[in-house]
Amino acid sequence: MASVPSLASTVQQRLADALAAALPEAGSADPLLRRSDRADFQANGILALAKRLKGNPRELATKVVEAIGANDVLKDIEVSGPGFLNITVTDKAIIETLAARAADTRLGVPTAAEPGTTVIDYAQPNVAKEMHVGHLRSAVIGDAMVRILEFSGERVVRRHHIGDWGTQFGMLIQYLIEHPHELDHKDGASGEEAMSNLNRLYKAARALFDSDEEFKARSRDRVVALQSGDEETLALWQKFVDESKIYFYSVFDKLDMEIRDPDVVGESGYNDMLDETCRILEESGVAVRSEGALCVFFDDVKGPDGNPVPLIVRKSNGGYGYAATDLSAIRDRVQNLDASTLLYVVDARQSLHFKMVFETARRAGWLGDKVKAVQLAFGTVLGKDGKPFKTREGETVRLVDLLDEAIDRATAVVAEKREKVGLTDQEVADNGRYVGIGAVKYADLSTSAVRDYKFDLDQMVSLNGDTSVYLQYAYARIQSIKRNAGDRRPVAHPELELAPAERALGLHLDQFGEVLAEVASAYEPHKLAAYLYQLASHLTTFYDQCQVLSDDNPAELVENRLFLVDLTGRTLHQGMALLGIRTPERL
């Protein structure tokens with residue numbers, strides 16, 4: 001079905017037509033329409049126009065109002081101040097627009113006019129290492145952006161650039177050769193079992209590496225064997241990767257995220273390109289040799305001593321750094337995946353690295369007018385004390401422990417209501433998981449990505465305030481109203497006069513498509529979270545002020561209010577799904 005024009009776009013068009021009729025000398029002037037607290041909309045464009053035409057803005061505004069004439073969309077237009085237009089739309093226009101949205105499976109949200117291909121790099125754990133709280137934001141923000149961009153019509157290619165290469169694998173593989181059964185387990189091992197195996201082996205290998213010079217020498221030889229493609233070494237390296245994936249996938253499953261095997265392309269996936277990447281950069285003059293290393297220099301990147309800080313593509317000993325891998329990944333994503341946008345969901349502390357990598361890729365011609373690279377930088381997860389989140393012992397918090405605690409807290413909150421709602425044991429367990437994981441995701445996504453935020457589970461699973469639980473309860477309340485409606489059905493009645501709370505809810509519902517377009521283009525999922533919280537707040541006010549299922553109300557009024565409630569539920573469900581958060585039917 002075709003997308004549904006929002007009220008804002010309809011009003012914008014009516015004003016643009018009136019401007020052209022009243023002031024033909026203005027050309028195609030923009031009314032500069034925006035949402036307003038004083039009326040439904042405010043148009044500010046006449047002030048700039050009056051300056052250009054050297055006229056009186058109030059007089060010009062009055063001419064535009066006269067040119068609009070009577071219609072079924074604009075109820076009232078007031079010329080305010082020096083020439084603003086305060087605009088109120090008709091109740092009929094609100095309900096008719098919402099009815100058109102309700103008739104569409106996409107709620108009237110358009111797809112992008114010119115969709116491209118976005119390769120999104122997110123959720124990048126390291127092989128043979130536990131995922132900790134620092135891995136949370138990349139996974140959660142990245143997953144939300146994948147969903148939002150796909151819904152907008154963009155072709156999205158997921159990439160999980162896992163850390164699966166490097167010198168530590170020489171130590172691990174050598175230890176496994178000398179202790180061949182350390183990773184053995186029964187088929188169907190759990191993620192926890194896989195991780196405990198890897199942890200135990202890593203600690204034992206590290207202890208031996210630090211205390212035994214001969215083992216250290218054998219480990220270094222093993223790195224050379226790995227990098228030169230020795231079959232036995234590669235087979236054991238693959239065993240570490242596979243064991244780690246069992247663990248990764250169990251954590252992502254707990255996060256209610258889909259991670260597909262073909263999307264996992266780690267550092268090792270670009271090994272065969274590194275030499276050619278360096279050759280191209282050197283031959284084109286983008287990179288130069290400096291003290292034996294292959295480097296790229298920048299005028300605006302200097303260290304504390306004032307000297308230029310280069311991007312080192314290849315070290316003086318011939319080894320490759322992260323830059324070589326990242327640049328090879330850009331080549332692959334642009335040339336083989338046909339990307340028009342490269343989106344990196346990466347910690348803000350890596351901003352300088354990516355600034356230099358992107359500029360190098362631009363100089364090499366891999367990025368340009370047709371291909372852009374963007375870092376969706378994110379801040380740090382802090383403890384309640386405002387310091388980086390650590391355990392009492394000062395260790396980094398394991399991600400799986402964090403998620404388990406959130407699920408436990410949420411299950412306790414859900415269980416308190418079980419008798420009132422009549423939940424089964426299975427529903428308590430399922431809803432506890434949806435509420436707990438939703439709470440963690442929403443706390444992250446409702447904060448502007450670049451800001452740090454405090455991880456406070458008490459606040460996250462609260463039924464009050466800006467939390468996912470508040471939104472989930474709003475959705476569950478809607479489903480309860482619909483169940484209690486009996487044979488009464490949601491039907492739009494444009495002929496009815498709307499109460500203030502109905503108007504406010506309706507006008508907010510109409511903004512859904514505009515908000516999603518902004519979120520998709522600016523990569524700002526927190527704006528979708530803010531929209532949904534405001535929607536739930538409007539619903540609460542509506543619910544308090546407008547009885548839905550009252551037998552004292554005319555049938556048309558009940559049907560129209562059920563229509564508003566139903567569309568609110570569908571919008572909440574769709575919006576939360578785009579954030580990767582479930583909305584249980586009963587809570």
Side-chain angles (χ1 to χ4, degrees), residues 115-124 126-127 138 142 145-146 149 154-166 226-229 234 241 260-290 293-298 301 310-316 318-347 350-377 523:
T117 296
T118 295
V119 177
I120 176 164
D121 190 324
Y122 70 110
Q124 310 105 340
N126 293 309
V127 164
S138 177
M145 282 315 310
V146 165
L149 289 170
E154 186 80 352
R155 176 176 169 257
V156 177
V157 180
R158 302 162 166 90
R159 276 293 174 267
H160 306 294
H161 191 86
I162 62 171
D164 65 352
W165 205 247
L226 177 64
Q227 291 175 340
S228 59
L234 277 175
V241 174
R260 300 182 299 223
D261 227 42
D263 303 332
V264 179
V265 183
E267 294 167 0
S268 63
Y270 306 101
N271 280 345
D272 294 344
M273 300 176 69
L274 301 179
D275 190 51
E276 188 181 16
T277 296
C278 291
R279 182 179 58 75
I280 293 169
L281 291 173
E282 188 169 14
E283 286 179 0
S284 62
V286 172
V288 295
R289 292 187 184 245
S290 175
L294 188 63
C295 304
V296 182
F297 288 92
F298 310 87
V301 182
L311 182 71
I312 299 173
V313 185
R314 189 173 56 219
K315 300 170 191 171
S316 54
Y320 299 102
Y322 288 124
T325 308
D326 288 332
L327 288 162
S328 298
I330 288 175
R331 281 179 57 215
D332 175 61
R333 293 165 185 184
V334 172
Q335 294 164 6
N336 299 328
L337 301 179
D338 200 25
S340 48
T341 303
L342 305 177
L343 182 61
Y344 290 79
V345 187
V346 183
D347 192 313
Q350 295 188 46
S351 294
L352 179 60
H353 169 77
F354 278 100
K355 177 187 173 185
M356 294 196 288
V357 165
F358 295 163
E359 176 57 29
T360 300
R362 269 190 286 275
R363 292 179 189 178
W366 304 326
L367 298 175
D369 294 340
K370 294 183 179 177
V371 190
K372 64 174 180 174
V374 181
Q375 183 191 357
L376 202 178
Y523 311 121

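Everything numeric in this text was worked out from a predicted model, so none of it was measured.
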S.K.: How close do Ala364 and Leu281 get, counting heavy atoms only, and between which atoms?
M.R.: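 Ala364 and Leu281 have their closest heavy atoms at CB-CD2, 3.9 Å.
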S.K.: Compare every heavy atom of Ser268 with every heavy atom of Asp164, then report the nearest pair and how far apart it is.
M.R.: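 Smallest interatomic distance, heavy atoms only, reads OD2-OG, 2.6 Å.
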S.K.: If we only count heavy atoms from C-beta on, is the Val119 to Thr341 side-chain gap below 4.5 Å?
M.R.: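 Contact flag for Val119/Thr341 side chains = no.
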S.K.: Let me know which of Thr118, Val345, Leu376, Val156 forms a side-chain contact (heavy atoms from CB on, under 4.5 Å) with Met145.
M.R.: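 With Met145 as partner, Thr118, Val345, Leu376, Val156 yield a single side-chain contact (heavy atoms from CB on, under 4.5 Å), made by Leu376.
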S.K.: Which heavy atom in Trp366 sits nearest to a heavy atom in Val371, and how many Å separate them?
M.R.: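 The answer is O-CB, 4.2 Å.
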S.K.: Compare every heavy atom of Arg314 with every heavy atom of Cys278, then report the nearest pair and how far apart it is.
M.R.: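 Result for this residue pair: CB-NH1, 3.5 Å.
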S.K.: Scan Thr277, Ile280, Asp332 and name whichever one has a side-chain contact (heavy atoms from CB on, under 4.5 Å) with Leu327.
M.R.: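 Of Thr277, Ile280, Asp332, side-chain contact (heavy atoms from CB on, under 4.5 Å) with Leu327 is met by Thr277 alone.
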S.K.: Check whether the side chains of Gln124 and Ser138 place a donor and an acceptor atom closer than 3.5 Å, and report yes or no.
M.R.: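 Yes, Ser138 and Gln124 have a side-chain donor paired with an acceptor closer than 3.5 Å.
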S.K.: Hey, does Leu367 have a side-chain heavy atom less than 4.5 Å from the side chain of Phe358?
M.R.: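 Side-chain contact under 4.5 Å: yes.
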S.K.: Going by the rule salt bridge (charged side-chain N to carboxylate O under 4.0 Å, His left out), which residues pair with Asp275 if we only count those two or more places apart in sequence or in a different chain?
M.R.: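 Once residues adjacent in sequence are excluded, Asp275 has no partner under the salt bridge (charged side-chain N to carboxylate O under 4.0 Å, His left out) criterion.
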S.K.: For this output row, return yes or no: ring centroids of His161 and Tyr270 closer than 6.0 angstrom.
M.R.: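 Close enough - the centres of the two rings lie under 6.0 Å apart.
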S.K.: Could you check if a side-chain atom of Glu282 sits within less than 4.5 angstrom of a side-chain atom of Leu294, using non-hydrogen atoms only?
M.R.: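 Sidechains of Leu294 and Glu282: in contact.
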S.K.: Would you indicate whether the side-chain heavy atoms of Ser290 and Phe297 approach each other to under 4.5 Å?
M.R.: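 When only atoms from C-beta onward are counted, Ser290 and Phe297 do touch, with a gap below 4.5 Å.
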S.K.: Would you please indicate if the ring centroids of Tyr344 and Tyr122 are separated by under 6.0 Å?
M.R.: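 Ring-ring flag for Tyr344/Tyr122: false, centres at least 6.0 Å apart.
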S.K.: Just wondering, are more than 12 heavy atoms of other shown residues or ligands nearer than 6.0 Å to OH in Tyr322?
M.R.: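 Open.
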S.K.: Enter the distance from Leu226:CG to Leu234:CG here, rounded to the nearest 0.5 Å.
M.R.: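 Reported value, rounded in 0.5 Å steps: 6.0 Å.
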S.K.: Please determine whether a side-chain nitrogen of the Lys or Arg among Lys355 and Glu359 lies less than 4.0 Å from a carboxylate oxygen of the Asp or Glu.
M.R.: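 Salt bridge between Lys355 and Glu359, a charged N being under 4.0 Å from a carboxylate O: no.
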S.K.: Decide yes or no on side chain to side chain donor-acceptor pair (under 3.5 Å) for His353 and Asp326, but give the supporting numbers first.
M.R.: CA-CA 10 Å; His353 169 77; Asp326 288 332; 2.7 Å; yes
S.K.: Atom CG of residue position Asp261 - does it have more than 12 heavy atoms of other residues, nucleotides or ligands inside 6.0 Å?
M.R.: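 Yes, enclosed.
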S.K.: To the nearest 0.5 Å, what is the distance between CG on Asp338 and CZ on Arg155?
M.R.: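 The CZ atom of Arg155 is 7.0 Å from CG of Asp338, to the nearest 0.5 Å.
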S.K.: Out of curiosity, Tyr320 OH to Ile312 CD1, how far, rounded to the nearest 0.5 Å?
M.R.: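 Output value for this atom pair is 15.0 Å.
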S.K.: Please name the residue in the list Arg159, Arg158, Arg333 that meets the salt bridge (charged side-chain N to carboxylate O under 4.0 Å, His left out) test with Asp121.
M.R.: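 Per the salt bridge (charged side-chain N to carboxylate O under 4.0 Å, His left out) rule, the option paired with Asp121 is Arg333, out of Arg159, Arg158, Arg333.
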S.K.: Which atom names give the shortest non-hydrogen contact between Asp347 and Gln375, and what distance separates them?
M.R.: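 Reported closest heavy-atom pair: O-NE2, 3.1 Å.
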S.K.: Do Ile330 and Leu342 come close enough that some side-chain heavy atom pair is under 4.5 Å?
M.R.: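 Yes - at least one pair of side-chain heavy atoms lies under 4.5 Å apart.
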S.K.: Less than 4.5 Å apart, any side-chain heavy atom of Leu352 and any of Gln350?
M.R.: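 Side-chain contact under 4.5 Å: no.
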S.K.: Where is the tightest heavy-atom contact between Val301 and Met356, given as atom of each residue plus distance?
M.R.: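 Reported closest heavy-atom pair: CG1-SD, 3.8 Å.
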S.K.: Starting at CG of Leu274, measure out to CZ of Arg279 and round the result to the nearest 0.5 Å.
M.R.: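 Separation between the atoms: 13.0 Å.
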